[in-house]
Amino acid sequence: MKYIDLRSDTVTRPSEKMREIIASAEVGDDVFGDDPTVNELQEKVARLFGKEASLYVPSGSMGNLVAIKTHTNPGEEAIFEEDCHSLNYEAGSMGAVAGLVSHTFRGNHGVMTREQVEPYIKKKSLHTPPTTLIALENTHNHAGGTIYPLEEIKKLRDMADEHGLKMHLDGARIWNASIATGITLDEYGRYFDSIQCCFSKGLGAPIGSIVIGDGEFIEKARRFRKMFGGGMRQVGILASAAIYALDNNMSRMSEDHENASFLAENLAKIDGIDIDLESVQTNIVIMNIVSSGKAVPDVLSELKDMGMLAVQFGATKIRCVTHLDLDRADIETAIEKFKAVFSS
Ligand code: TLP
């Protein structure tokens with residue numbers, strides 16, 4: 001059965017054209033630094049974000065870990081939003097591998113503010129783990145693909161400068177934020193010491209993420225990538241897909257955002273489904289089904305029997321993500337399937 005797969009934008013498959021590009025990519029040994037396609041990708045992305053350098057890594061989780069490990073020392077404290085991906089879905093790497101103490105704050109739609117965070121920044125002392133890093137997520141996955149307002153990012157950057165903190169962005173879906181707001185990648189680049197972005201989500205490449213920063217930071221990060229087993233060889237075959245994705249699949253993301261809004265507005269009309277429409281800002285829709293009295297696994301299994309896939313996202317919540325392998329007709333079909341499940 002061909003499913004309408006709304007589990008994630010990670011389920012996208014390389015198109016025929018992308019596969020052709022992959023097949024003809026020029027390659028070399030990237031651990032020696034001589035894969036021309038990887039080098040082209042790294043230069044291109046650094047340029048897009050107005051930074052000196054970047055480093056191709058196998059996954060977003062490794063990208064966040066490499067970047068944060070490069071900025072910090074074990075026993076230091078880092079500030080994270082409570083529901084962020086790095087702390088909740090990366091297998092505990094921030095504690096287990098980077099050796100960090102995490103201080104979390106509850107964001108509003110994933111957004112922590114300077115006023116909220118600043119009083120808790122710890123100075124180095126005999127007793128305290130000094131706060132040395134703040135990490136943001138844009139778009140914020142768990143909050144429903146919400147966008148971090150630029151004004152708040154600027155305030156947090158000022159705060160980071162005043163207190164000597166590094167600022168990292170989990171920008172797995174920064175492409176969506178940029179397309180939705182018109183804020184350029186270069187503008188986002190200005191406010192962070194490092195950014196991690198994924199090619200394997202809405203951009204539709206099969207594998208890969210990238211860490212962006214200044215030249216010295218990236219050289220140091222390269223060593224941690226090697227330490228974590230992320231030094232790859234003829235990886236230009238994958239980097240070529242990322243270059244193709246950037247050139248061809250970014251501007252079309254507005255279609256995914258329109259599909260997500262359409263899906264959310266229609267699902268919100270169904271009895272038993274509650275959606276905070278304010279949080280639907282890009283390609284993610286999170287719904288709470290508690291008022292239906294139904295259990296999430298039962299709903300997901302009924303949907304699956306009808307040819308549709310989504311994921312559980314908390315005890316009473318379901319997440320749907322729109323992407324380039326789904327068109328408006330698929331979304332309309334998905335809405336009909338939800339209606340059928342919730343009318344029974
Ligand atoms: N997110 C995946 C799952 O892990 C939940 C998804 O389906 O959304 N940062 C953010 C904001 C992410 O959403 C993800 C992946 C990552 C980092 C990690 O990327 P990968 O999966 O490449 O390690």
Side-chain angles (χ1 to χ4, degrees), residues 3 5-14 55-69 78 80-94 96-98 102 104 107 109-112 135-148 168-178 180 188 192 194-212 224-225 228-230 232 235 238-239 241-242 245 253 256 260 279-286 296 300 309-314 317-326:
Y3 288 101
D5 195 345
L6 283 153
R7 286 174 301 171
S8 180
D9 44 11
T10 59
V11 302
T12 48
R13 287 163 203 213
L55 186 71
Y56 189 57
V57 291
S59 69
S61 301
M62 191 186 284
N64 284 329
L65 179 59
V66 161
I68 289 174
K69 176 73 191 149
F80 294 93
E81 199 280 328
E82 192 173 285
D83 289 328
C84 70
H85 196 278
S86 298
L87 284 189
N88 293 283
Y89 300 98
E90 293 174 18
S93 64
M94 297 300 148
V97 186
S102 303
T104 60
H109 287 132
V111 177
M112 302 179 283
L136 312 185
E137 187 174 312
N138 191 16
T139 64
H140 194 291
N141 185 350
H142 207 271
T146 49
I147 296 166
Y148 225 103
H168 172 72
L169 176 66
D170 178 352
R173 296 187 178 82
I174 191 68
W175 328 108
N176 297 82
S178 175
Y188 280 124
F192 295 93
S194 58
I195 302 182
Q196 179 284 122
C197 325
C198 297
F199 303 116
S200 59
K201 305 204 160 56
L203 282 181
I207 302 176
S209 292
I210 204 153
V211 176
I212 309 148
F224 285 117
R225 183 184 69 171
F228 303 154
M232 299 178 285
V235 73
L238 298 176
M253 280 179 167
D256 300 338
S279 74
V280 184
Q281 300 173 8
T282 54
N283 69 330
I284 298 180
V285 178
I286 295 177
V296 171
L300 292 179
L309 302 173
V311 286
Q312 179 151 12
F313 227 56
K317 291 183 182 171
I318 292 174
R319 184 187 75 166
C320 289
V321 186
T322 57
H323 54 74
L324 83 173
D325 287 352
L326 297 175

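Atom set for the values below is all heavy atoms of this structure, side chains included, hydrogens, waters and symmetry mates excluded. When a ligand or atom number is given, it counts from 1 through the structure's own listing order.
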Might you point out which heavy atoms bring R7 and D5 nearest each other, and give the distance in Å? NH2-OD2, 2.7 Å
Return the minimal non-hydrogen interatomic distance between V321 and L326, and the atom names on each side. O-CD1, 4.3 Å
From CZ (F313) to CD1 (I286), nearest 0.5 Å: 5.0 Å
To check you understand the geometry: which heavy-atom pair defines the closest contact between D83 and H140, and what is its length? O-CE1, 3.7 Å
Less than 4.5 Å apart, side chain to side chain, heavy atoms only: is that true for L169 and N138? yes
Between S86 and N64, what is the shortest heavy-atom contact and its length? OG-ND2, 3.4 Å
Could you name the protein residues that come within less than 4.0 Å of ligand 1, counting only heavy atoms, and order them by chain and residue number? S8, S59, G60, S61, N64, H85, E90, E137, N141, D170, A172, R173, K201, R319
